[in-house]
Amino acid sequence: MQARSWSKQSLLAAAIGACLAAPGLARAADAPPSLPAYNADLSQTSVSGLSSGAFMAAQFSVAYSSLVVGAGVVAGGPFYCAGQFGNVFYDVNLMTAMTVCMNPAASFASPPNARTLLTSAKAFAAAGDIDPLANLKRQRIYLFSGARDTTVTTVVVDQVKRFYGLAGVPGAQIAYVNNLPAGHALVTDKQADQACALTATPYINDCHVPQAQNILEHIYGPLNPKSSTLGGQIVAFDQASFLGANASMGDTAYAYVPGACASQSCRVHVAFHGCEQNEKAVGDAFYNGAGYNEVADANNIIVLYPQAETSLLNPKGCWDFWGYTNPLTPDFYKKTATQMASVKAMLDRLASARAAR
């Protein structure tokens, strides 16, 4: 995510154009198959993500706190970060997202204020826009900030820890890693990935740390060693069938389904890619190379990989944590926001009863 200059007039024009656009385009004849039902156990749902995906993971874990048992936030900020100064004008949200929520020192701004954001979250919960915050006390949170990351800096991730702490998550349930010389990336222990300190596509770096495994183990507790040979399959499915208007999400998304999950009820982990990290930008590097599948395969966890897509107000294919999906009335933080509701609908589909054979 890189800052760019926007005029209020150009933002408003783009917003109006987006809202006047047709809600959907004609589907291609070769649309992918429907997402299968697997009778998944949603009572143990977890989420994680990088960059905008990390903001989305934090957002989803708070909005759907009754569903989510844990979250991994890798180089991201706290819930509702972009709304810190009031969710009234889209362009204010955008500038806050690009400054306060990323590298505030570079813009001579102050970091996000977790206490202010929690106050907003309490009001949203009272209004029924998000789940009761008391649910957060049971969540287990993994946080990461690379020491070489100048895109989303450590002072921002610090406020994620503070937000969850103020919300009642015990310190023992929060793991925070901020001492690796990593750039802006998800980190792995795979020598084939790029150097740890880089910030470059596909934003997956070898820092000799199996981060996906660490996230899942922190959330779920001790797990079986990851599989060296995968016994499941990556399922491409029709994501468009789950989407509302202006979702800025692709027609196709992916899930890794361990072999055992064809007959057993498995947990589900949602992995949100970062900006410029969807399938169209990096191929299968995220959904097939970030390290989740090997751990999931050995532990009966379905991994859902929803896909954001570029659009007029989202040129880098980021997840919406500032309001581009509904710029005239930003609602990105609500359970009913188009992206969050779409992901929840995918989870509900995974939890549906399997088709009779």
Apply side-chain hydrogen bond (donor to acceptor under 3.5 Å, both in side chains) to N103 and T150, showing your working. CA-CA 7 Å; N103 187 341; T150 59; 5.1 Å; no
D149 side chain to H184 side chain, donor-acceptor N/O pair below 3.5 angstrom: yes
Under the side-chain contact (heavy atoms from CB on, under 4.5 Å) rule, collect the residues that match up with N224, sequence neighbours excluded. A298, N299
Who are the side-chain contact (heavy atoms from CB on, under 4.5 Å) partners of A351, not counting sequence neighbours? L42
Applying side chain to side chain donor-acceptor pair (under 3.5 Å) as the test, list every pair that has at least one member in residues 126-137; sequence neighbours left out. S65-N135, S66-D131, D131-K335
I'd like to know whether CZ of R148 has more than 12 heavy-atom contacts from other residues, nucleotides or ligands below 6.0 angstrom. no
Answer yes or no: is there a donor N or O on one side and an acceptor on the other, between the side chain of R267 and the main chain of Q44, under 3.5 Å? no
Please list, chain by chain and in numerical order, all residues satisfying salt bridge (Lys or Arg N to Asp or Glu O under 4.0 Å) with E309, sequence neighbours excluded. K280
Partner of L350 under side chain to side chain contact (heavy atoms under 4.5 Å, CB included), picked from V268, N39, V270, is V268
Side chains of N246 and T325: donor-acceptor distance under 3.5 Å anywhere? no
How would you list, by chain and number, every residue that makes a side-chain contact (heavy atoms from CB on, under 4.5 Å) with Q233, sequence neighbours excluded? V235
Decide whether Y203 and Q194 meet the rule of one side-chain donor and one side-chain acceptor closer than 3.5 Å. no
Sorted by first residue and then second, give each side chain to side chain donor-acceptor pair (under 3.5 Å) pair with at least one member in residues 282-291; sequence neighbours left out. D284-N288
So the ring-ring contact (aromatic ring centres under 6.0 Å, His included) pairs with at least one residue in residues 327-346 (sequence neighbours excluded) are Y80-F332, Y80-Y333, F124-Y333
Sequence neighbours excluded, the answer for salt bridge (Lys or Arg N to Asp or Glu O under 4.0 Å) partners of K344 is D348
Listed partners of A147 passing side-chain contact (heavy atoms from CB on, under 4.5 Å), at least two apart: none
With sequence neighbours left out, write down each residue that passes ring pair (Phe, Tyr, Trp, His ring centres under 6.0 Å) with Y38, or none if nothing qualifies. none
Could you pull out all residues at least two apart from Y256 that satisfy ring pair (Phe, Tyr, Trp, His ring centres under 6.0 Å)? none
Enumerate, atom names and distances included, each donor-acceptor pair closer than 3.5 Å involving a side-chain atom of residues 159-167, sequence neighbours excluded.
unit_1 : atom_1 : unit_2 : atom_2 : d
Q159   : OE1    : A114   : N      : 3.0
Y164   : OH     : S61    : OG     : 2.6

